[in-house]
Structure formats: C-alpha cells, structure tokens
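Order of the sequence lines fixes the chain letters, A, B, ..., with proteins taken first and strands second; residue numbering starts at 1 for each chain.
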Protein chains: 2
Amino acid sequence: MQQPIAEDCEVTCGGSEADLVRIKAEMIAEPLIQDIAEWFKVLSDPTRVKIISALMRRELCVHDLSELLEMGQSAVSHQLRYLRNMRMVKRRKVGKTVYYALDDSHIEEIIQVTLEHLKHK
Amino acid sequence: MQQPIAEDCEVTCGGSEADLVRIKAEMIAEPLIQDIAEWFKVLSDPTRVKIISALMRRELCVHDLSELLEMGQSAVSHQLRYLRNMRMVKRRKVGKTVYYALDDSHIEEIIQVTLEHLKHK
DNA sequence: GGAACAGATGAGTATATGTTCATATGATAT
DNA sequence: ATATCATATGAACATATACTCATCTGTTCC
C-alpha cells in the first residue's frame, strides 16, 4: 500500500505538510485577497493620492483639481472616474461644473496611519 | 498697475484663486506623496498580499511559500526581493534554505483595518 | 572534487496602467 | 440656434509590472 510520497522539502523547510495545510486554511481567503489588492491599488498612484489629499480639505471641481495638480484636465478626469468606480469619491453637479468630494470615511484614517508609519521609519 | 488676471473659472468653480493657493499649501508634500504611493503599491498586488497573509502566521521558506501560493519558485522569489527592498520582510538563512518573516510592525495593523473596512461596505 | 538541492537573478514577454490627443456630451448664455 | 465652457470618454501610445524560462550562486552530502 503506497504511502503518499512526502514532499521534497518536508524536513529541511521546517514545516510539516500538515502545517502547510493548516496555514493555508488560516490565510485570508482568495476573493478577499483580490479585494484588498484592488483597494490598495487606489492609493498606489501619486496622482490619485494627490487628488485625495486635496479633497481631504474640501470638495473641488475638476478644473481646480487640474490646477492644483498641474495636470491636464483629461488625465484628472480619467483618474476621477477610476476613483468614482471604486466608490472613493462622489460627485455633485451644479450647472456646468462638477464638484468632487471624498465618499469613503476610512481613507483619511488609513492615510493618516500610513503617514505616521512613514515618519517613524 | 495691472491686477493679476483672474483665472477663467474663478467664480463658477466656487473657489477663489487665493483658496487654491492655501489648499495647495495644505496638501501633503510631493515627496511624501511619492512615499505613500510607493508604500501602498506593495499591497496592490494579490501575490504580495498572499505572501504577507501567509507570513502573518509564521516565518516560511521560499519553497513552502511557493506551495502555499501554488506559484513557481521564481515568481515568489522575485516578489520576495521586492518586499525585501521595501523593508517589508527580512530573511534568515539556515543552510540551503532561507526563511522569510515580516519586518514591518504596521502592515498587519493596516491590513486588519482594511479588512474591517471592506467587510462593512 | 562532483551531484543535488534551495534560492536568486537577468532576459524576454505579455498584459496592465497612466497620460495625451481628439472629440463628444451637456449646460449656459447670447 | 450657436457659441462657449466644464467635463467625459475612446483610441493610441509609452512605460511599468508580473510572470516564465534558463541560468547562476551558494550550501550540503557523498
């Protein structure tokens, strides 16, 4: 009767096969992993961080954001769409102009925590 | 004596030029923006989130990580180098095998905060 | 020494991402 | 209706990213 062949590095790597199975079960579930990565990707681009940094002060229209960031209107608009899809910002239309504001209570908190972290490094 | 010409959208966009200048001064400084984006980029990839998720349990060698993630050794190794450069993980060598462990006290906290956030959405 | 193994790394490649350009939409004013 | 302004959006393009493959380094065991 064949025993299941032991993995090559069962001993050398310190962890038994059973251990790995347990760890795998304890790891964050796949769909959640995807969500986390997607969420962090929002803040992984300087332009988006700048936009959020500006909106932390007050709501702003696309044109003003474009001036603050010294970037083309189109580029800003594309990123705003991205942020809107991610439910990070909401918009309010007044005549021709569109005002954007933060729509996620946790962003500021997480940015603040990260700032503290980066300072103490 | 010439007054500085007002910006096109001074009135329509609701913010005076002086306001924009003030906001610009209050925004997070450019180099810090870059650091924040770089830091978040670490967790913007599912593979890296998985690696960190696994290392939150205990230190692991490359081979075991490779098994846990069901990915090639090379791919895992590349990401580990990235994480090492970002000072997110440290390594400990024992004979042929190299053990990786978390080297950033704040990652777990931030992931935990993010998980809570994602659940309550 | 040489074989076997764990891991690291450079090159190549396919895909993702961010910006620009041109143009479209939608609103206001004349 | 037409012109103008604020914003949105699709296509194109250049760069960045993550993986694979082949190869290299460093260690142990014979």
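- Contact check, A:R81 against D:dG10: a side-chain N or O comes under 4.0 Å of OP1 or OP2.
- Distance check, rounded to the nearest 0.5 Å: CD of A:E30 to NZ of B:K50 gives 4.0 Å.
- Between B:N85 atom CG and D:dT17 atom C1' there is a gap of 15 Å when expressed in whole angstrom units.
- For A:E26, the side chain to side chain contact (heavy atoms under 4.5 Å, CB included) partners are A:R22, B:R57, not counting sequence neighbours.
- Nearer the 5' end of DNA chain C, as judged by each residue's closest nucleotide, is the contact made by A:S44, out of A:G95 and A:S44.
- Under a hydrophobic clustering in which Ile, Leu, Val, Met, Phe, Trp and Tyr are joined whenever their side-chain heavy atoms come within less than 4.5 Å, directly or via other members, A:I28 and A:V21 fall into different clusters.
- Under 3.5 Å, the side chain of B:T47 and the base of D:dC19 form no donor-acceptor pair of N or O atoms.
- When atom types are taken as modelled, the side chain of A:T97 and the backbone of A:C61 share no donor-acceptor pair closer than 3.5 angstrom.
- Going from atom CG of A:L60 over to atom C1' of D:dT7 covers 15 Å, rounded to whole Å.
- Considering only the side chain of B:M71, D:dC19 comes nearest among D:dC21, D:dC19, D:dA8.
- Side-chain proximity of A:K93 to the nucleotides C:dG7, C:dA27, D:dT7 is greatest for C:dA27.
- Stacking of A:R48 on the aromatic ring of A:Y82 is recorded, both the 6.0 Å distance cut-off and the 45° axial limit being met.
- Of the N and O atoms on the side chains of A:E116 and A:Q112, not one donor lies less than 3.5 Å from an acceptor on the other residue.
- Positionally, the nearest nucleotide of DNA chain D for B:Q79 lies more toward the 5' end than for the other of B:Q73 and B:Q79.
- Note on B:T97: every side-chain N or O is 4.0 Å or more away from OP1 and OP2 of C:dC5.
- Within the structure, a side-chain polar atom (N or O) of A:R48 is placed less than 4.0 Å from OP1 or OP2 of C:dG18.
- Between D:dA8, C:dG7, C:dT19, one nucleotide has an atom nearer to the side chain of B:V62 than all others, and that is C:dG7.
- Distance, A:F40 CZ to D:dT17 P: 18 Å, rounded to whole Å.
- For the pair A:E59 CD and D:dT7 P, the interatomic distance rounds to 12 Å; values are reported in whole Å.
- Counting non-hydrogen atoms under 4.0 angstrom, B:Y82 reaches nothing in the nucleic acid.
- OP1 or OP2 of C:dA8 lies within a sub-4.0 Å distance of a side-chain N or O belonging to B:R91.
- In this structure, B:S77 contributes its side chain and B:S74 its backbone to no donor-acceptor pair below 3.5 Å.
- Atom pair B:H63:NE2 and C:dC5:P shows a separation of 11 Å (rounding to whole Å applied).
- Contact between the side-chain N/O atoms of A:K41 and the OP1/OP2 oxygens of C:dT17 is found at a separation under 4.0 Å.
- What separates CG of A:D45 from C1' of D:dT17 is a distance of 14 Å, to the nearest Å.
- Judged by distance alone with a 3.5 Å cut-off, a donor-acceptor contact links the side chain of B:S74 to the base of C:dT9.
- One can place NZ of B:K50 at 13 Å from P of D:dA18, the figure rounded to the nearest angstrom.
- Summarising the geometry, the separation between NZ on B:K96 and C1' on C:dA8 is reported as 16 Å, rounded to the nearest angstrom.
- Distances shorter than 4.0 Å separate some side-chain N or O of A:S77 from OP1 or OP2 on D:dA8.
- DNA chain D lies under 4.0 Å from no heavy atom of any residue of residues 28-36 of chain B.
- By the 5.5 Å and 30° criteria, B:H78 is not stacked with the base of D:dC19.
- Between B:R84 and B:D103 there is no salt bridge, since no side-chain N of the basic residue sits under 4.0 Å from a carboxylate O of the acidic one.
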